[in-house]
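Just so it is clear, the model here is predicted, and its values are computed rather than measured.
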Amino acid sequence: MWKLLSLSIIQSALLAGGQVFLKFAMMRMPAFGWTRHFWGSLLVNWQFAACGLFFALGSLLWMYIIKNFPFSMAYPMVSLSYVFGMLAAIIFFHEDVSVTRWIGVLLIMGGCVLIAK
């Protein structure tokens, strides 16, 4: 139970980290488009490369998790990435988060603990 929760926290942090790097990468990019300029600048963007690395590590850990734990317990744990995403929005992007959203985060965390039991 606690091993699954610990691994899920790491995996969710990797997923959220990948999303943070993707957001930073997109902030440095020209307007999205199916142009050579857009895709060329994406390929030399180090934040985009970091995004891929985080997603790759998260995917490898996910493969371990679903191999060794029941899917019905493992899959809901992915929702922990929403918690890390909310924290990242505050820390890295200076967004305001309402009390209602924090209540939602607490419900997600409580649900993950109940599922892991």
Residues passing the side chain to side chain contact (heavy atoms under 4.5 Å, CB included) test with Thr100, sequence neighbours excluded, are Ser98
The reported gap from CD in Gln11 to OG in Ser6 (rounded to nearest 0.5 angstrom) is 13.0 Å
Taken in chain and number order and not counting sequence neighbours, the residues that satisfy side chain to side chain contact (heavy atoms under 4.5 Å, CB included) with Phe84 are Ile9, Ser12, Ala13, Ala16
Output for pair (Leu4 CG, Met73 CE), nearest 0.5 Å, gives 5.0 Å
Check your understanding: Hey, any chance Leu57 and Met63 share a hydrophobic cluster, counting ILVMFWY side chains that come within less than 4.5 Å of each other, even indirectly?
Key -> no
All heavy atoms of Ile108 vs all of Val83, minimum pair found to be CG2-CG2, 4.2 Å
Do Ile10 and Leu14 come close enough that some side-chain heavy atom pair is under 4.5 Å?
yes
Note: Leu15 and Phe55 closest approach over all heavy atoms is O-CE2, 3.5 Å
Quiz item: Does Leu60 share a hydrophobic cluster with Ile65, counting links as ILVMFWY side-chain heavy atoms below 4.5 Å and allowing steps through other members?
Solution: no
Tyr64 meets the ring pair (Phe, Tyr, Trp, His ring centres under 6.0 Å) criterion, sequence neighbours left out, with none
Leu80 side chain near Leu5 side chain, heavy-atom distance below 4.5 Å: yes
Identify all side-chain donor-acceptor contacts of residues 22-44 below 3.5 Å with residues at least two apart in sequence or on another chain.
unit_1, atom_1, unit_2, atom_2, d
Arg28, NH1, Gln47, OE1, 2.6
Thr35, OG1, Phe38, N, 3.1
Trp39, NE1, Gly33, O, 3.2
Ser41, OG, His37, O, 3.0
Ser41, OG, Phe38, O, 2.9

Validation row: Val78, Trp62 side chains within 4.5 angstrom (heavy atoms): yes
Between Arg101 and Asp96, the two heavy atoms sitting closest are NH1-O, 3.7 Å
Shortest non-hydrogen pair, Trp102 vs Val97, comes out as NE1-CG1, 3.5 Å
With sequence neighbours left out, the residues meeting ring pair (Phe, Tyr, Trp, His ring centres under 6.0 Å) with Phe54 are Phe21
* Kindly indicate whether the side chain of Leu7, heavy atoms from C-beta on, has any atom under 4.5 Å from the side chain of Lys3. => yes
Nearest heavy-atom approach of His94 to Ile91 is CE1-O, 3.6 Å
**Study point:** Enclosure of Tyr75 OH (heavy-atom neighbours >12, cutoff 6.0 Å)
**Key:** no
For Leu107, the other hydrophobic cluster members (4.5 Å side-chain criterion, sorted by chain and number) are Val99, Ile103
- Message: Can you confirm whether more than 12 heavy atoms, excluding those of Tyr82, are under 6.0 Å from its OH atom?
- Response: no
